[in-house]
Amino acid sequence: MKSLNIIVPCYNEEEVIVESYQRIKNVLLKIENYQSEIIFINDGSNDNTANLLNEIALQDKNVKII
């Protein structure tokens with residue numbers, strides 16, 4: 001099976017990060033014959049972005065946080 005990795009840089013994205021994740025995930029679910037992974041890179045956010053990303057990663061094993 002082929003692999004598809006999506007890398008998303010994040011800086012103070014608490015207002016949009018959950019919606020962004022959901023939209024990316026919905027697109028990836030439609031792609032057949034690929035195993036996908038979403039990699040969020042938290043670039044020193046000083047809002048609630050890190051906590052939201054950690055919650056997403058706990059619920060989805062295909063999400064990684066750097």
For this session: Taking side-chain hydrogen bond (donor to acceptor under 3.5 Å, both in side chains) as the test, write out the residues that go with N12, two or more places apart.
Result: N46

Seminar exercise, completed: Heavy atoms of Y11 and G44 approach each other most closely as CE1-O, 3.6 Å

Exercise answer: donor-acceptor pairs, residues 57-66 side-chain atoms, under 3.5 Å, sequence neighbours excluded:
from, atom 1, to, atom 2, distance (Å)
D60, OD1, N62, N, 2.8
D60, OD2, Y21, OH, 2.6
D60, OD2, K25, NZ, 3.1
K64, NZ, K61, O, 2.8

Exercise. Is there side-chain contact between V18 and S20, with heavy atoms separated by less than 4.5 Å?
Worked result: no

Problem set entry | Closest approach of Y34 to L4 (non-hydrogen atoms, all atoms of both residues) | CD2-CB, 3.9 Å

Exercise. Side chains of F40 and T49: does their closest heavy-atom pair fall under 4.5 Å?
Worked result: no

Problem set entry | Counterpart residues, salt bridge (charged side-chain N to carboxylate O under 4.0 Å, His left out), relative to E32 (two or more places apart) | none

Problem set entry | Where I56 and I17 come nearest, the two heavy atoms and their spacing | CD1-O, 4.4 Å

For this session: Kindly write out the residues that satisfy side-chain hydrogen bond (donor to acceptor under 3.5 Å, both in side chains) with N48, not counting sequence neighbours, or none if the list is empty.
Result: N51

Seminar exercise, completed: Residues C10 and S45: closest non-hydrogen pair is O-OG, 3.7 Å

Problem set entry | Residue pairs fulfilling salt bridge (Lys or Arg N to Asp or Glu O under 4.0 Å) with at least one residue in residues 3-16, sequence neighbours excluded | none

Exercise. If you draw a 6.0 Å radius around CG in N26, do more than 12 non-hydrogen atoms from other residues or ligands fall strictly inside?
Worked result: yes

For this session: Please identify each residue that fulfils side chain to side chain contact (heavy atoms under 4.5 Å, CB included) with Q35, with sequence neighbours left out.
Result: M1

Exercise. Roughly how far apart are S36 OG and I6 CD1, rounded to 0.5 Å?
Worked result: 7.5 Å

Exercise. Checking side chain to side chain contact (heavy atoms under 4.5 Å, CB included) against V8, which of I39, I41, I24 comes through?
Worked result: I24

